[in-house]
Structure formats: structure tokens, C-alpha cells
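In what follows, a structure is listed as C-alpha cells, so that the remarks can point back to it.
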Amino acid sequence: MSSSFDQMIVTEEWESTDLSLLETLDHVLNRGLVIAGEITISVADIDLIFVGLNVLVSSVETAHEVLRKRQTE
Amino acid sequence: MKLYAYCLVEDLDPFDATTRGISGAAVRALQIDELAVLVSDFNADSVAVTRENALDHAAVVRSVLDRTTPLPFRFGTLVTEQQLRSYITSRKPALQTRFAHVRGCVEMSVKIIREVSTDNEAPKHDEITSGTSFLEEKRRALLGSEQKATEATELSTWLHEQVDSLTRDERVVVRPSEKLVLAAAHLVERDKIPQYKEKLAAARKNRTELHFLFSGPWPPYSFANIELEFKTQFGVS
């Protein structure tokens, strides 16, 4: 991968590793071409049940929580 | 034998098959008419939603982003080769239109979060002791929701104005009732990315009351779906 297309995660000093993963999940699980009736997934990871179904909200919740903790430190 | 489908590509010859897919499976390009689909053979009936599998899916789609702009399939797309051929053949005009729309572009993501003020917090349920206070609480909630919706819409317009000249398309989800105010996906031509980043960096400095999460470049996940066009074209509801 060339540097010009390295992933850019620009945040307010948040833990970019976690947010990068959540952003990836948000894109992969919630968007993209759908062949009707052909999304066949099974969920075995409890954490990802939450992330998968609510990833947009949860990623922001995570971000917000990190931000809040930093402000109180 | 089913196939796990990662993405559609229109010009990827030859395909470098070094990237491994879901569960370490080999990835190959299945040519269907003028298009190719990156697929892996898949023996199970469903795809487990795990961190590793999700990242594997993303890595395969991303592996071609330097060379072309793919149309990503959503995670968990398991099909037979026959189904895949039928899908592409029957939707070829819509897919070609979609490719033309995203060609030369990447997706950039912006999420905006607003600090939640606790000054006007509604009373808790056990603090509501009369019908009057109940109605006041309802009124407060209604007014608060309207205000949040107005703010979110204004913010959406503001963001649009900041980057409109640098984007080919956008998808915006406004969520005024949550901490997240809005989530926007911008389709940006590759050579405009530096200007786009500069513009957003400058815009962010003017809105210090907000928190921004920028990410990208992504394959155009938010601009890939053709179901709406297909329904419109064929009148399928």
C-alpha cells in the first residue's frame, strides 16, 4: 500500500487503533453492495454483536467515552 | 461450494493474489463479462462475525484501492457462482452506472459529535410527582428534540458548504437525538484529497464546540449499493 492511501484517522487524541477498527466495522458491516437475501452471517462474539448491530452509535459512544475520561483526568 | 464475494472491479488485469481472504482463504478474480469479482471458496453455510473476518474482508477490498476503485460487497455475501453471474448480468447497466459514478474516487468519512449539555437535563421519573410536572417534562423533551434536529440540520448544511466544491457525492445521516450529530460519507476524487483534508482541518478549527472523527480514504462502501436504482428502474418495491 502506498503512503498516499494509508488510512487516515484524524481524531482528537483518541485511541486511534480502537477507532480505526470501529470505523472499519462500520463500513464493512453496514454498507456495501447487497445481493438481496445473500448476507449470511453468524454471530459468535458477544462484543461484536453489539458492535455489528450498532456500530455507528457504538463507535461514537466509544469515542465520547474516551474523550470524557481524558477531560476528567 | 459457495463463494464469498468481497468486491466488484472493472479493470484489474492481472490480479495480484497475494492478499489472503476470510480465514486465510486464497482470493481470486472471477471474470464475469467485462467485470471481475474478487472471491474466495467458502465451505460453511454462514460467515462468523468476528473481528478477524471483518478485517480480512476489509483488507481484500482495500488491496486493490491503489489500482482501481472497487464496488465493495457487504460483509457476509455468500453466493453460488450461478447466483453471482445472474446478479451481475441482470444488473449490468446499473453496475456500470455505479462504476462511472465512483471511478477515480475514494470515500472519506466524517462523524461529528456534540458534547451533551447537562444544564437542561430533564428530571428523572421519580422526580415527576404531578400531572403538571409530567406535561412540563414532555414539553421540555419535545422542545429539546426540535432544537437538536434544527442544530443537526444546520450542521449538515454547514459541512456540505465546506466541502461541496471538492466532493462528487455525499451520504449524510443526521442523528439529532444521539450524541452523534451526523455521519457523512463524501465521495472525493483522488487528486482532491489533500485539498479536502485541508478544508476540513480549517473548518474544524472554527467549530471548537464540536468533536470530529475523520477517516479515509475508504473504498466507496457508502456509494456502492444499486438496489435503489434497480428498484427505480424496474419498479420493484
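Below, chains carry the letters A, B, ... as their sequence lines are ordered, and counting in each starts from 1. The analysis underlying the following values was restricted to heavy atoms, covering all of them including side chains, and did not include hydrogens, waters or symmetry mates. Being a predicted model, the structure only gives us computed values, none of them experimental.
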Less than 4.5 Å apart, any side-chain heavy atom of [X] and any of [Y]?
X	Y	value
B:F75	A:N30	no
A:L33	B:Y87	yes
A:H27	B:P72	no

(Q) Heavy-atom cut-off 4.5 Å, strictly under: side chain, backbone, both or neither for B:A44 against chain A? (A) neither
Q: Tell me, for B:L200 versus chain A, whether the close heavy atoms (under 4.5 Å) come from the side chain, the backbone, both or neither.
A: neither
Provide the closest heavy-atom pair for [X] versus [Y] in the form atom of the first, atom of the second, distance.
X	Y	value
B:N225	A:G32	ND2-O, 3.4 Å
B:Y221	A:R31	O-CB, 3.5 Å
A:V28	B:R74	O-CG, 3.6 Å

Q: Could you grab the distance from atom CG of A:L29 to atom CG of B:N53, nearest 0.5 Å is fine?
A: 10.5 Å
